[in-house]
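Single-structure report; data block below.
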Amino acid sequence: MVNKVYDDAAAALDGLLFDGMTICAGGFGLCGIPERLIDAIRDAGTTGLTIASNNAGIDGEGLGKLLRTRQVRKMISSYVGENKEFERQFLAGELEVEFCPQGTLAERCRAGGAGIPGFYTKTGVGTQVAGGKEVKVFDGPNGPEEYILERGIRADLSIIKGWKADESGNLIFRKTARNFNQPMATAGRICVAEVEEVVPVGSLDPDHIHLPGIYVKRMIVGAPYDKKIEFRTTRAREAA
């Protein structure tokens, strides 16, 4: 069996990073993001990156770290409202942004990983999202309707965060941390995963596997993690 487990994030990314590359990054907000791998990319100083990710983290956390160091040239994202540095760079013309509806982004990555170069969807028809895209008419439930062509996303590298994996890379995501990690994993030429625990082959129920090990080329154990919260909402304790 090929050893897929590396000592740390820098070792797992060794030989994979180059300036101008495209990266698919899993996670949603600060949930299920590959923190250790992001830090290693920052430390490597790789520049001119195009990153496909639901968002760019927040200021100083997640992919926000790569924005702060000006290593990102372009973001393909859905939700970017919580990152002031993202906003500043975009409005100043320092960062190229391709906005993409959330479900469409997930499907573009899934399609890319499945070898599907493009697909038609009604999402975005008649909006700025449709600008410059091919429009085709198909029969819908209410008669002929317009659909726009969205292209599948393929990346040089996928970085994802899992909960538990066996030594061959079969991987389980935990609850909402599954968001975007699964389609991002398949969209990359090479997928590197960080997980909280690696167990022996045969320890995981095959019916519980979310991502087969054939997609995972390298892994690290990133634990322990600090649980970061984007918005802390509290209320006064009620009197006894």
Side-chain angles (χ1 to χ4, degrees), residues 2 4-17 21-42 44 46 49-57 61-66 72 75-79 102 105-114 152-199 204 208-225 227-228:
V2 176
K4 296 184 178 181
V5 183
Y6 286 68
D7 291 336
D8 54 39
L13 293 173
D14 184 45
L16 303 182
L17 302 177
M21 70 186 304
T22 298
I23 298 175
C24 279
F28 191 102
L30 297 182
C31 180
I33 61 173
E35 299 177 39
R36 309 293 181 246
L37 295 171
I38 291 171
D39 286 347
I41 294 171
R42 176 199 60 196
T46 313
L49 299 174
T50 294
I51 300 181
S53 175
N54 179 62
N55 58 24
E61 296 291 347
L63 292 173
K65 294 179 179 180
L66 300 182
V72 183
M75 287 294 305
I76 306 173
S77 296
S78 174
Y79 177 66
Q102 205 162 81
L105 178 59
E107 179 61 13
R108 288 179 66 188
C109 293
R110 190 207 68 82
I153 293 175
R154 290 290 293 165
D156 301 298
L157 172 69
S158 295
I159 54 173
I160 64 168
K161 163 71 164 51
W163 174 49
K164 186 181 293 188
D166 67 19
E167 294 166 329
S168 65
N170 295 306
L171 193 149
I172 298 173
F173 301 107
R174 188 171 186 272
K175 299 184 178 180
T176 56
R178 190 174 177 179
N179 283 332
F180 278 98
N181 273 300
Q182 193 168 15
M184 293 300 188
T186 64
R189 183 175 58 86
I190 294 177
C191 175
V192 180
E194 64 177 78
V195 298
E196 298 183 31
E197 181 182 4
V198 175
V199 298
L204 303 178
H208 293 169
I209 300 300
H210 296 139
L211 182 69
I214 192 171
Y215 291 107
V216 179
K217 297 298 186 290
R218 301 180 181 184
M219 290 188 299
I220 63 163
V221 176
Y225 292 93
K227 186 174 181 179
K228 298 180 175 66

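Keep in mind that this is a model prediction, so the values were computed, not measured.
In plain terms, the two heavy atoms of Pro183 and Ala106 that are nearest each other are CB-O, 3.7 Å. Taking every heavy atom of both residues into account, Gly26 and Pro34 meet most closely at O-CD, 3.5 Å. Summarising the geometry of Val216 relative to Gly169, their closest heavy-atom pair is CG2-O, 3.6 Å, with the distance given to 0.1 Å. Closest non-hydrogen pair, Val195 versus Ala165, comes out as CG1-CB, 4.1 Å.
In this structure, the side chain of Asn170 engages the main chain of Gly213 through a donor-acceptor pair within 3.5 Å. Judged by distance alone, with hydrogens and angles left aside, the side-chain atoms of Arg36 form no donor-acceptor pair with the main-chain N or O of Ala9 at under 3.5 Å. Counting only distance, with no hydrogens or angles, the side chain of His210 and the backbone of Phe173 share a donor-acceptor pair below 3.5 Å. When atom types are taken as modelled, the side chain of Asp156 and the backbone of Thr22 share a donor-acceptor pair closer than 3.5 angstrom. No donor-acceptor pair under 3.5 Å is formed between the side chain of Asp14 and the backbone N or O of Ala10.
Heavy-atom contacts from other residues, nucleotides or ligands closer than 6.0 Å to OH of Tyr215 number 12 or fewer. Crowding of Ile209 atom CD1: a count of heavy atoms from other residues, nucleotides or ligands under 6.0 Å exceeding 12.
Ile33 CD1 to Ser53 OG: the interatomic distance, rounded to the nearest 0.5 Å, is 8.5 Å. Atom CD of Gln182 and atom OG of Ser158 lie 12.5 Å apart (nearest 0.5 Å). Note that CE of Met184 and CD1 of Ile159 are 10.0 Å apart. Values are rounded to the nearest 0.5 Å. In this structure, CG on Leu66 lies 5.0 Å from CD1 on Ile51, to the nearest 0.5 angstrom. Residue Trp163 holds its CH2 atom at 11.0 Å from CG of Leu171, rounded to the nearest 0.5 Å. Separating the CG atom in Asn54 from the SG atom in Cys31 is a distance of 11.0 Å, to the nearest 0.5 Å.
Side-chain contact between Asn179 and Thr176 is present, with at least one heavy-atom pair separated by less than 4.5 Å. Considering only heavy atoms from C-beta on, Leu13 comes within 4.5 Å of Leu37 through its side chain.
Evaluation of the salt bridge (charged side-chain N to carboxylate O under 4.0 Å, His left out) test over residues 166-179, restricted to residues two or more places apart or in two chains, returns none. For residues 22-32, no pair satisfies salt bridge (charged side-chain N to carboxylate O under 4.0 Å, His left out), with sequence neighbours left out. For the side-chain hydrogen bond (donor to acceptor under 3.5 Å, both in side chains) condition, the pairs that include at least one residue of residues 187-198, sequence neighbours left out, are Lys161-Glu196, Glu194-Tyr225.
Partners of Lys65 by side-chain hydrogen bond (donor to acceptor under 3.5 Å, both in side chains), not counting sequence neighbours, listed by chain and number: Asp39. Not counting sequence neighbours, the partners of Arg110 by the side-chain hydrogen bond (donor to acceptor under 3.5 Å, both in side chains) test are Glu107. By the side-chain hydrogen bond (donor to acceptor under 3.5 Å, both in side chains) test, Arg218 is found to be paired with Tyr6, residues two or more places apart in sequence or in another chain being considered.
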When you look at Ile160 and Val192, which way does the side chain to side chain contact (heavy atoms under 4.5 Å, CB included) test go after all the steps? CA-CA 7 Å; Ile160 64 168; Val192 180; over 6 Å; no
Kindly indicate, with the supporting measurements, whether the criterion side chain to side chain contact (heavy atoms under 4.5 Å, CB included) is fulfilled by Ile153 and Ile76. CA-CA 10 Å; Ile153 293 175; Ile76 306 173; 4.2 Å; yes
Val5 vs Ile220, test: side chain to side chain contact (heavy atoms under 4.5 Å, CB included). Steps then yes/no. CA-CA 6 Å; Val5 183; Ile220 63 163; over 6 Å; no
Evaluate the criterion side chain to side chain contact (heavy atoms under 4.5 Å, CB included) for residue pair Met21 and Thr50; output intermediate values, then yes/no. CA-CA 6 Å; Met21 70 186 304; Thr50 294; over 6 Å; no
